Amino acid sequence: MADYHTKMLIIGSGPAGYTAAIYAARGNLSPLLVTGMQPGGQLTITTDVENYPGFADVIQGPWLMEQMRAQAEHVGTKILFDTIFDIDISQRPFACLGESGDRYIAETIVISTGAQAKWLGLSSEEKFRGYGISGCATCDAFFFKNQDVVVIGGGNTAVEDALFLTQHASQITLVHRRDSLRAEKILQDRLLNNPKVRVIWNHTVEEILGEENPKKVTGIRIKDVDNGTTQVLETQGVFVAIGHKPATEIFQNKLELDEHGYIKCRPNSTWTSIPGIFAAGDVQDSIYRQAVTAAGQGCMAALDAQRFLTEQ
């Protein structure tokens, strides 16, 4: 068990965390970055990345995160493979406790613990994730040009994803377990009036169907919640849009969170409700949720923290 002292502790290691580390290290803050349970974040389970600026050819998510980590280390970030499970923010410097037993004492903290897409919990879903099943329409719609796709959900995320997909796919089927949508009325109107979209009400997904070689989705089996009958829909892509869950459990009752658990920040900044603690990436962004916007916020958080330390 050891005590680590640092001007800046970065919790989480996706694009937001690594970018914050790069800027902080270049600003002579000698940052410590604690990776968390999934070093590299959501991009480590994303295969083809086509929308990260600077790469003309398709790159692999895990490779991109390895490059960011190497860059952060190269400019002077110390990276520790641990998971923070408790945080004392009652006074500065802040104290964080890792599952290893190590303590991290920090003048400032950048939280970049990210968020996870909520999944249906089917074994067939895990099997085909990345092979026709996606949790991000804005990331993957391009791969389904002129194909038939299914969106699962009934809230704003599902309706926005379905509308976005109309720019790429030829037919979008929205499957919802209830008989009405939870999305905002204006979004519902747009969806229900779009000729490319059909809605199947009162159905849940039983199984994702597909082929092994090459691995791909071919359809889904859905079940009527009223009478229990099932039917198979042929589809090339399935977008699960039942929401995201930010990794903010340890910050509850300590930092100000919104009703969905995202960290609240001051407008146009990464400042949280506690001076000296900043948040970047999907842990505070429920709207864009892209690697490039997370990286941008990581840069902002490091600059905000640097300014904060200078003023202190």
Side-chain angles (χ1 to χ4, degrees), residues 42-51 58 60-61 116-183 187-188 190-245 289:
Q42 291 184 83
L43 274 184
T44 55
I45 53 168
T46 305
T47 47
D48 293 351
V49 176
E50 289 198 46
N51 56 7
V58 180
Q60 299 300 301
Q116 294 286 345
K118 291 181 188 168
W119 298 98
L120 300 168
L122 306 170
S123 57
S124 55
E125 174 187 48
E126 281 181 39
K127 183 176 166 186
F128 291 107
R129 199 178 296 169
Y131 296 92
I133 294 186
S134 170
C136 179
T138 45
C139 313
D140 298 330
F142 179 79
F143 300 117
F144 297 92
K145 220 162 183 49
N146 302 322
Q147 295 182 19
D148 287 359
V149 298
V150 170
V151 176
I152 297 155
N156 279 353
T157 305
V159 173
E160 284 169 355
D161 282 4
L163 288 167
F164 184 81
L165 284 159
T166 60
Q167 300 167 40
H168 299 273
S170 54
Q171 163 95 57
I172 297 92
T173 304
L174 185 86
V175 176
H176 185 38
R177 60 187 173 164
R178 298 195 178 93
D179 60 0
S180 61
L181 299 168
R182 299 188 313 281
L187 290 174
Q188 291 191 39
R190 266 184 220 150
L191 181 88
L192 299 171
N193 289 319
N194 193 302
K196 278 190 171 185
V197 179
R198 66 169 175 156
V199 180
I200 297 181
W201 307 101
N202 299 318
H203 276 73
T204 55
V205 180
E206 291 268 280
E207 190 184 1
I208 310 291
L209 308 169
E211 293 173 4
E212 279 299 332
N213 204 358
K215 199 186 266 197
K216 64 176 183 181
V217 167
T218 58
I220 61 169
R221 181 178 293 110
I222 59 173
K223 178 179 166 183
D224 189 314
V225 295
D226 295 325
N227 60 30
T229 56
T230 62
Q231 60 172 303
V232 171
L233 303 178
E234 286 184 17
T235 184
Q236 284 92 45
V238 178
F239 289 85
V240 180
I242 54 175
H244 283 73
K245 188 174 186 288
R289 299 195 305 263

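Computed from a prediction, not measured in an experiment: that's the story for all the values here.
Considering only heavy atoms from C-beta on, Arg289 stays 4.5 Å or farther from Gln42 through its side chain. A 4.5 Å side-chain heavy-atom check between Leu181 and Leu174 finds at least one atom pair inside the cut-off.
Annotation: ring-ring contact (aromatic ring centres under 6.0 Å, His included) contacts involving residues 221-243, sequence neighbours excluded, comprise Phe144-Phe239. Within the structure, disulfide (SG to SG under 2.5 Å) contacts touching residues 121-163 (residues at least two apart or in different chains) are Cys136-Cys139.
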Listing, residues 190-198 side-chain donor-acceptor contacts under 3.5 Å, not counting sequence neighbours, or none:
{"unit_1": "Asn193", "atom_1": "ND2", "unit_2": "Asp189", "atom_2": "O", "d": "2.9"}
{"unit_1": "Asn194", "atom_1": "OD1", "unit_2": "Lys196", "atom_2": "N", "d": "2.9"}
{"unit_1": "Lys196", "atom_1": "NZ", "unit_2": "Thr166", "atom_2": "O", "d": "2.7"}
{"unit_1": "Lys196", "atom_1": "NZ", "unit_2": "Ala169", "atom_2": "O", "d": "2.9"}
{"unit_1": "Arg198", "atom_1": "NE", "unit_2": "Thr173", "atom_2": "OG1", "d": "2.9"}

Result block: side-chain N/O donor-acceptor pairs under 3.5 angstrom for residues 223-230, not counting sequence neighbours:
{"unit_1": "Asp224", "atom_1": "OD1", "unit_2": "Asp226", "atom_2": "N", "d": "2.7"}
{"unit_1": "Asp224", "atom_1": "OD1", "unit_2": "Asn227", "atom_2": "N", "d": "3.3"}
{"unit_1": "Asn227", "atom_1": "OD1", "unit_2": "Thr229", "atom_2": "N", "d": "2.9"}
{"unit_1": "Asn227", "atom_1": "OD1", "unit_2": "Thr229", "atom_2": "OG1", "d": "2.7"}

Atom pairs and distances, side-chain donor-acceptor, residues 204-214, under 3.5 Å, sequence neighbours left out:
{"unit_1": "Glu207", "atom_1": "OE1", "unit_2": "Arg221", "atom_2": "NH1", "d": "2.4"}
{"unit_1": "Glu212", "atom_1": "OE2", "unit_2": "Lys127", "atom_2": "NZ", "d": "2.8"}

Just distance, no hydrogens or angles: give the donor-acceptor pairs under 3.5 Å from side chains in residues 150-158, sequence neighbours left out.
{"unit_1": "Asn156", "atom_1": "OD1", "unit_2": "Glu184", "atom_2": "N", "d": "2.8"}
{"unit_1": "Asn156", "atom_1": "ND2", "unit_2": "Glu184", "atom_2": "OE2", "d": "3.2"}

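Under the side chain to side chain donor-acceptor pair (under 3.5 Å) criterion, Thr235 pairs with no residue at all, not counting sequence neighbours. Thr218 pairs by the side chain to side chain donor-acceptor pair (under 3.5 Å) definition with nothing, not counting sequence neighbours. By the side chain to side chain donor-acceptor pair (under 3.5 Å) test, Lys245 is found to be paired with Glu249, residues two or more places apart in sequence or in another chain being considered. His168 meets the ring-ring contact (aromatic ring centres under 6.0 Å, His included) test with Phe164; sequence neighbours excluded. Evaluation of the ring-ring contact (aromatic ring centres under 6.0 Å, His included) rule for Phe128 yields no partner, not counting sequence neighbours. Residues that satisfy the side-chain contact (heavy atoms from CB on, under 4.5 Å) test with Phe143, not counting sequence neighbours, are Asp48, Glu50, Asp140.
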